[in-house]
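Encoded as structure tokens, the structure appears first; notes follow it.
Residue numbers start from 1 in every chain, and the chains themselves are labelled A, B, ... in the order their sequence lines are given, proteins ahead of strands. Side-chain atoms are counted along with the backbone in the values below, which use heavy atoms only and exclude waters and symmetry mates.
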2 protein chains.
Amino acid sequence: MVLDTTMNTKTTIKDVAELAGVSFKTVSRVINNEGSVRKETLQKVNDAINELHYQPNTAARNLAGSKSYSLGYVYDNPNAYYVLDMQNGILAECRDRGYELVIHPCSANNKHIVEELATMVKRSQLAGLIISPPLSEMPEVLRGLDEMNIPFIRIISASEVSQESSPCVYINDRDAAFDITEHLIEQGHSKIAFLRGDESHRSSHERKIGYLNALKKHNIPIIEDYQIDGSYSFEFGVQGAKQLLSLAEPPTGIFSCNDEIAAGALFAVRLQGLNVPDDMAIAGFEDSPFSRQTWPMLTTAAQPTNIIARKAAASLIQHLVNLRSPKTSVDSIPHLHFRPQLVKRESTLTVTSEQSLE
Amino acid sequence: MVLDTTMNTKTTIKDVAELAGVSFKTVSRVINNEGSVRKETLQKVNDAINELHYQPNTAARNLAGSKSYSLGYVYDNPNAYYVLDMQNGILAECRDRGYELVIHPCSANNKHIVEELATMVKRSQLAGLIISPPLSEMPEVLRGLDEMNIPFIRIISASEVSQESSPCVYINDRDAAFDITEHLIEQGHSKIAFLRGDESHRSSHERKIGYLNALKKHNIPIIEDYQIDGSYSFEFGVQGAKQLLSLAEPPTGIFSCNDEIAAGALFAVRLQGLNVPDDMAIAGFEDSPFSRQTWPMLTTAAQPTNIIARKAAASLIQHLVNLRSPKTSVDSIPHLHFRPQLVKRESTLTVTSEQSLE
DNA sequence: TTGATAAATGACAGCGTTGTCATTTATTCT
DNA sequence: AGAATAAATGACAACGCTGTCATTTATCAA
């Protein structure tokens with residue numbers, strides 16, 4: 001074993017103070033941007049910090065202060081890409097703001113989920129939680145956390161701000177689904193099917209409403225057989241598409257609740273020797289890598305998950321700050337909206353309409 | 001806002017002590033399994049802990065003790081499935097052992113990566129790191145961490161234990177690749193191509209060696225044109241397969257370095273109207289969801305990533321314990337091996353040989 | 001210049017736990 | 001039973017930092 005290198009020796013706030021020739025409290029002021037430090041002193045302290053490669057100890061900060069610099073991300077893994085995008089977005093914000101992140105995968109089926117979360121919050125002294133669907137859409141979770149006074153922000157699927165008292169990031173799945181469906185209609189389709197994801201996810205509900213709204217707007221009859229409930233999986237896409245193709249009058253377009261379903265549907269359709277999009281147009285949702293790993297590539301709706309996550313984290317942090325300073329009034333609960341954007345690709349664009357591809 | 005519920009009030013070790021009628025040090029002994037506590041006392045303390053839903057505060061534990069209950073997971077990997085599997089495995093072990101996990105995605109290209117890691121370790125007072133490829137295979141990372149005396153365990157691709165001084169989990173990609181290639185040979189193929197992943201990943205190198213070894217063993221001529229270097233991506237699979245098909249004498253089997261490449265290759269091959277596996281057999285590696293989301297499904301090699309991750313975490317924790325107690329001799333550095341298992345699926349099984357599918 | 005006020009800095013307790021060592025209590029041996 | 005030893009328990013400092021409050025230093029008006 002090699003002995004201490006400069007970087008390894010644990011340098012504390014006191015070491016910095018000594019080198020800078022000030023009290024360690026002054027160093028603390030600098031670290032926390034508290035002000036009340038002369039420019040000259042600030043300079044000395046920062047120099048010392050840099051020279052010693054000083055890093056404030058998060059554990060000590062959480063322990064000593066009334067604040068906490070740790071957030072938690074809670075999810076019930078619907079999809080690896082989504083979770084990782086969320087996680088990376090949150091982490092990016094955390095790094096910028098000097099926060100730590102504790103990851104907590106868990107099961108929505110767990111009866112004692114609220115208790116589980118409370119335990120985690122206490123163990124790790126979390127300042128607040130970021131919760132993604134479907135957990136974020138479970139009333140008991142919302143209620144439980146509220147009762148225990150644990151701050152949190154939720155990402156949920158909703159077309160408009162509801163009367164929620166807690167901070168939320170709203171994803172307007174409904175209108176985005178409307179856009180996709182309308183796009184299919186504009187491509188000349190009127191027999192459009194809908195493959196729905198897990199009903200435990202509000203998104204699947206919202207997307208269905210958007211689909212129906214578009215049909216209604218264009219006076220297209222709504223056919224029950226064209227609407228199949230399933231889950232957010234490739235397998236369901238395969239099976240759903242087969243079912244649709246076996247109808248007496250099959251649809252000419254399929255709007256799948258996400259890209260994984262769409263990929264499955266695409267597969268099944270092509271397996272039957274049909275051409276996409278000419279015989280059957282297929283659209284997904286999410287703009288996940290799946291949508292680019294099919295041929296033809298999938299028309300879909302892009303949710304900037306990474307950015308959403310980042311903003312959610314930023315918003316939560318802001319909310320936490322507000323909670324601490326009572327001057328800010330109650331109504332400053334942060335709300336954010338995102339509307340996924342239509343991404344047109346070959347899976348829905350017939351040759352004649354190709355010019356509409358930007 | 002609702003006022004405190006039982007669970008929310010911050011209960012400390014002292015509250016437990018008071019309720020149990022002992023000193024808080026005794027409670028600490030119970031929490032840490034230090035022994036030297038009478039059964040009767042133990043009972044009282046445990047009752048109190050349960051009654052109060054007490055959770056030891058990790059920050060305080062890290063701060064006060066010479067130990068730390070936080071690990072770090074460091075990765076730079078484009079594969080969401082892999083990363084999430086790793087993460088979940090590590091988290092599972094952490095939960096069992098009362099550890100916290102700090103996630104740290106980072107870029108292998110970053111010149112100052114070692115410094116970055118050191119910063120994180122100090123900030124979060126990490127006890128040790130778990131590092132997955134390709135970072136785990138970069139000598140400078142290894143050296144840097146060693147110099148700074150930061151304990152870590154690496155997951156690396158290697159066919160045998162090298163003279164590494166640091167703890168490792170070895171993934172025997174070479175022999176698994178041998179198995180896959182031999183399987184293709186047994187299916188009657190002799191013109192077998194190899195689509196290689198990123199060269200910055202040792203796995204792609206190892207898998208290639210396994211491929212070559214199998215050819216050699218069966219006295220099959222090695223053809224340069226059949227070996228194409230690329231990256232672990234769907235796109236490369238498509239492009240690589242096209243290139244192979246354009247050869248004067250195309251192969252009849254393709255071993256792709258991972259499932260994503262294989263999925264791309266499969267796509268390209270089928271697009272040409274060829275039949276898989278009859279015209280072209282295709283195998284992947286990893287047993288990722290990709291391998292089950294193609295038709296036909298992909299023959300592949302299954303790495304139990306989740307389990308590997310869990311064992312790696314367990315092993316690191318054990319190593320940390322050993323480091324603390326000097327009685328254990330130096331040679332007890334933990335080493336683990338995994339050999340991915342061949343999974344035969346339809347993408348390589350010709351109809352006549354279908355009986356060999358277990 | 002002087003006193004009054006504001007800004008900058010420092011001294012010190014305390015956060016919830018572990019580590020060390022002293023003290024009390026139980027157990028064993030003669 | 002009494003001394004000797006081992007086991008169980010407690011008192012208290014310390015970890016690295018923040019919060020509070022006291023003290024010093026600079027700034028300004030008269």
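A close approach under 4.0 Å does not occur between any side-chain nitrogen or oxygen of Ser66(A) and OP1 or OP2 of dT18(D). One finds no side-chain N or O of Thr12(A) lying less than 4.0 angstrom from the OP1 or OP2 phosphate oxygen of dC15(D). Distances shorter than 4.0 Å separate none of the side-chain N or O atoms of Tyr69(A) from OP1 or OP2 on dT18(D). Side-chain N/O atoms of Thr26(B) include one lying less than 4.0 angstrom from OP1 or OP2 on dG10(D).
Between Lys122(A) atom NZ and dT17(C) atom C1' there is a gap of 16 Å when expressed in whole angstrom units. What separates NZ of Lys10(B) from P of dT17(C) is a distance of 10 Å, to the nearest Å. Distance CD (Gln125(B)) to P (dA14(D)): 18 Å, rounded to an integer number of Å. Between the CG atom of Asp15(A) and the P atom of dC15(D) there is a distance of 11 Å, rounded to whole Å. For the pair Asn57(B) CG and dG16(C) P, the computed distance is 7 Å after rounding to whole Å. The separation between Ile13(A) atom CD1 and dA11(C) atom C1' is 14 Å, rounded to whole Å. Residue Asn62(B) contributes atom CG, which lies 19 Å from atom P of dC15(C) at whole-angstrom precision. Between Leu42(B) atom CG and dA7(D) atom P the separation is 17 Å, expressed in whole Å.
Lys122(A) is listed as a side-chain neighbour of Thr11(B), based on a closest heavy-atom distance under 4.5 Å.
Side-chain to base pairing of Lys25(A) with dG19(D): one donor and one acceptor N or O lie within less than 3.5 Å of each other. Between the side chain of Lys14(B) and the base of dG16(C), no donor-acceptor pair of N or O atoms lies under 3.5 Å.
Of the possible donor and acceptor atoms, one in the side chain of Asp15(A) sits under 3.5 Å from a partner among the backbone N and O of Thr12(A). The main-chain N or O of Ile90(B) is never found under 3.5 Å from a side-chain atom of Arg310(B) such that the two would form a donor-acceptor pair. Of the possible polar contacts, one joining the Ser136(B) side chain to the Ile155(B) backbone as a donor-acceptor pair under 3.5 Å is found. Here the side chain of Asp85(B) pairs no donor or acceptor atom with the backbone of Asn306(B) at under 3.5 angstrom. In this structure, the side chain of Ser124(B) does not engage the main chain of Leu126(B) through any donor-acceptor pair within 3.5 Å. Without hydrogens or angle criteria, Asn32(B) side chain to Glu34(B) main chain gives no donor-acceptor distance under 3.5 Å.
Ranked by how close their nearest DNA chain D nucleotide is to the 5' end, Gly65(B) and Thr41(B) are led by Thr41(B). Comparing Leu63(B) and Gly21(B) against DNA chain D, the residue whose closest nucleotide sits nearer the 5' end is Gly21(B).
Residues from residues 27-40 of chain B that place a heavy atom under 4.0 Å from any atom of DNA chain C, listed by number: Ser28(B), Asn32(B).
Considering only the side chain of Ser23(A), dT9(C) comes nearest among dT9(C), dT17(C), dC17(D). The Pro56(A) side chain lies nearest to dC17(D) when the options are dT9(D), dC17(D), dG16(C).
The rotation axes computed at either terminus of the helix from dT1(C)-dA30(D) to dT30(C)-dA1(D) lie 30° apart, taking five pairs at each end and rounding to 10 degrees.
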Next on the checklist: Checking Ile171(A) against Ile308(A) for the side-chain contact (heavy atoms from CB on, under 4.5 Å) test, could you report, in this order, the C-alpha distance in whole Å, the side-chain angles of both residues, the deciding distance, and whether it holds?
Outcome noted: CA-CA 9 Å; Ile171(A) 310 297; Ile308(A) 292 172; 3.5 Å; yes
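Glu115(A) and His53(B) are not linked by any side-chain donor-acceptor pair at a separation below 3.5 angstrom, with hydrogens and angles left out of the test. Side-chain contact check for Ser70(A) and Asn62(A): at least one donor-acceptor pair (N or O, by modelled atom type) lies under 3.5 Å.
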